[in-house]
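First up is the structure itself, then whatever we jot down about it.
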Amino acid sequence: YNQTGTYNVKLIVTRSYGCTGEITLPAVVEPKPEAEILPINNICAGMEVQFAGRENKQLAGTKWHWKISPDKEYDVPAPPRLPFNTPGTHQVQLTISNGNGTCPDIAESTLEVNPPPALNPTPRQAAICQGQSLELLANVDAGTAVTWTDYNISDPRAVVAVVRPEHDTVYHVMAENRYGCTKEADIAITVTQPHTVNTGDAVICQGNQVQLNAGGATRYKWIPETG
């Protein structure tokens with residue numbers, strides 16, 4: 001039947017002796033929903049997705065059932081936002097049936113979850129004197145775009161950057177792979193400022209002791225340590 005509605009169906013039975021019998025029963029042809037999953041954009045691992053669909057015939061009272069790999073199922077038209085932390089391909093299936101569960105229609109789609117870039121910058125922290133430079137390595141895979149901030153950087157786009165900070169600075173690095181996925185990290189650099197050590201001479205008699213004082217620095221080492 002190409003049209004919905006109720007049709008009378010007659011069954012005629014003829015026995016071998018020529019006797020016949022018949023029965024007429026109503027056959028109900030119900031409408032079949034038309035399920036559609038709206039386009040799903042690829043995402044990066046760690047992001048969330050809001051799946052959406054529609055029933056194109058606008059039938060009333062339909063039942064919806066979502067199956068989202070690996071193990072999610074929802075009997076609602078709009079499932080909750082779902083996080084995806086594992087890269088790979090996830091299957092998405094939407095089944096829409098009539099209110100009594102008949103005439104199901106199935107739509108299928110996929111979600112691609114892309115991996116983040118590798119990023120392991122070194123050193124993770126360092127201490128230098130003012131005026132010195134330091135080499136920072138992003139340690140990323142080939143083809144990964146790198147961006148360094150904050151200042152005094154030889155090349156903010158290089159995988160190996162030379163920096164010359166003037167004061168304590170946290171350098172930030174962001175890596176972006178061919179999927180558009182990003183990862184970020186920080187490198188903390190402590191800069192020791194120049195200083196002048198102040199001290200004075202002392203005159204004592206043999207066998208006596210004297211207190212020596214110094215200033216202008218944060219750490220001191222006396223040579224020789226004993227006199």
Side-chain angles (χ1 to χ4, degrees), residues 35-54 64-95 106-193:
E36 179 185 357
I37 299 174
L38 298 185
I40 304 172
N41 295 325
N42 296 342
I43 65 169
C44 300
M47 298 176 65
E48 295 183 345
V49 175
Q50 177 67 69
F51 295 103
R54 63 187 171 202
W64 294 51
H65 182 74
W66 291 89
K67 292 180 67 176
I68 303 165
S69 66
D71 56 2
K72 302 293 184 183
E73 296 193 35
Y74 302 93
D75 290 320
V76 293
R81 292 183 64 88
L82 297 175
F84 290 86
N85 299 315
T86 304
T89 301
H90 296 263
Q91 304 298 324
V92 182
Q93 184 184 87
L94 170 61
T95 301
I106 299 175
E108 295 180 327
S109 185
T110 58
L111 167 67
E112 292 293 336
V113 180
N114 296 315
L119 176 63
N120 185 30
T122 54
R124 296 311 298 261
Q125 60 183 16
I128 63 174
C129 296
Q130 187 186 54
Q132 291 182 329
S133 60
L134 181 67
E135 191 175 73
L136 306 182
L137 288 76
N139 295 320
V140 295
D141 294 332
T144 302
V146 173
T147 303
W148 295 92
T149 53
D150 175 31
Y151 71 107
N152 286 0
I153 305 170
S154 60
D155 184 353
R157 303 289 183 179
V159 295
V160 179
V162 178
V163 299
R164 191 186 294 269
E166 299 173 357
H167 47 76
D168 293 355
T169 303
V170 176
Y171 283 92
H172 186 78
V173 57
M174 182 180 72
E176 181 177 353
N177 61 17
R178 61 189 179 94
Y179 304 110
C181 301
T182 61
K183 189 175 182 179
E184 303 179 35
D186 292 325
I187 296 178
I189 300 178
T190 301
V191 180
T192 301
Q193 302 298 321

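Residues: numbered from 1 along the sequence shown.
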Side chain to side chain contact (heavy atoms under 4.5 Å, CB included) filter on I106, not counting sequence neighbours, yields Q93, T95, E108
Can you name the closest pair of heavy atoms from L111 and N41 and give their distance?
CD1-O, 3.5 Å
Could you list the residues that satisfy ring-ring contact (aromatic ring centres under 6.0 Å, His included) with F84, not counting sequence neighbours?
H90
Where do I153 and A161 come nearest, in terms of heavy atoms and distance?
CG2-CB, 3.8 Å
Please list, chain by chain and in numerical order, all residues satisfying salt bridge (Lys or Arg N to Asp or Glu O under 4.0 Å) with R54, sequence neighbours excluded.
E36
Given 3.5 Å as the limit, does a donor-acceptor pair link the side chain of W66 with the main chain of V76, or not?
yes
Show your reasoning for whether side-chain contact (heavy atoms from CB on, under 4.5 Å) applies to D141 and N177.
CA-CA 9 Å; D141 294 332; N177 61 17; over 6 Å; no
Closest heavy-atom pair, I187 versus P121, reported as atoms and distance to 0.1 Å, is CD1-CB, 3.8 Å
Any idea which heavy atoms bring P80 and Y74 closest together, and the distance?
CD-CE2, 3.6 Å
Pairwise side-chain contact, P83 with V49, heavy-atom cut-off 4.5 Å (strictly under):
no
Taking side chain to side chain donor-acceptor pair (under 3.5 Å) as the definition, give me every residue that meets it alongside E184, ordered by chain and number, with sequence neighbours left out.
H172
Tell me, please, which residues at least two apart from Y151 pass ring-ring contact (aromatic ring centres under 6.0 Å, His included).
H167
Would you check, one step at a time, whether the test side-chain contact (heavy atoms from CB on, under 4.5 Å) holds for I40 with T110?
CA-CA 8 Å; I40 304 172; T110 58; over 6 Å; no
Could you check whether any side-chain N or O of Q50 sits under 3.5 Å from a backbone N or O of P79, counting only pairs where one atom can act as donor and the other as acceptor?
yes
Across all chains, not counting sequence neighbours, the salt bridge (Lys or Arg N to Asp or Glu O under 4.0 Å) partners of E73 are none
Quick one: which residue pairs count as a disulfide (SG to SG under 2.5 Å) with a foot in residues 134-175, not counting sequence neighbours?
none
Minimum-distance pair of heavy atoms, taken over all atoms of N139 and N120
ND2-O, 2.7 Å
Side chain to side chain donor-acceptor pair (under 3.5 Å) partners of Q130, counting only residues at least two apart:
Q193
Disulfide (SG to SG under 2.5 Å) contacts in which one or both residues fall within residues 129-187, not counting sequence neighbours
C44-C181
Return yes if some donor-acceptor pair links the side-chain N/O of W64 with the main-chain N/O of L94 below 3.5 Å, else return no.
no
Any non-hydrogen side-chain atom of L119 less than 4.5 Å from a side-chain atom of V173?
yes
Once you round to the nearest 0.5 Å, how far does CE of M174 lie from CH2 of W148?
12.5 Å
Salt bridge (charged side-chain N to carboxylate O under 4.0 Å, His left out) partners of residues 168-177, not counting sequence neighbours, each pair once
none
T192: what forms a side chain to side chain contact (heavy atoms under 4.5 Å, CB included) with it, not counting sequence neighbours?
none
side-chain contact (heavy atoms from CB on, under 4.5 Å) evaluation trace for L82 with I68:
CA-CA 10 Å; L82 297 175; I68 303 165; 3.7 Å; yes
Is it the case that the side chain of R157 and the backbone of A145 share a donor-acceptor pair, with hydrogens and angles ignored and the cut-off at 3.5 Å?
no
Rounding to 0.5 Å, atoms CG (L38) and OG (S109) come to a distance of 10.0 Å
Tell me, yes or no, whether the heavy-atom count around E112 atom CD, taken from other residues, nucleotides or ligands under 6.0 Å, exceeds 12.
yes
Any non-hydrogen side-chain atom of F51 less than 4.5 Å from a side-chain atom of V92?
yes
Smallest separation among heavy atoms of Y171 and N152, with atom names
OH-O, 4.1 Å
Sequence neighbours excluded, which residues qualify as side chain to side chain contact (heavy atoms under 4.5 Å, CB included) partners of D150?
T169
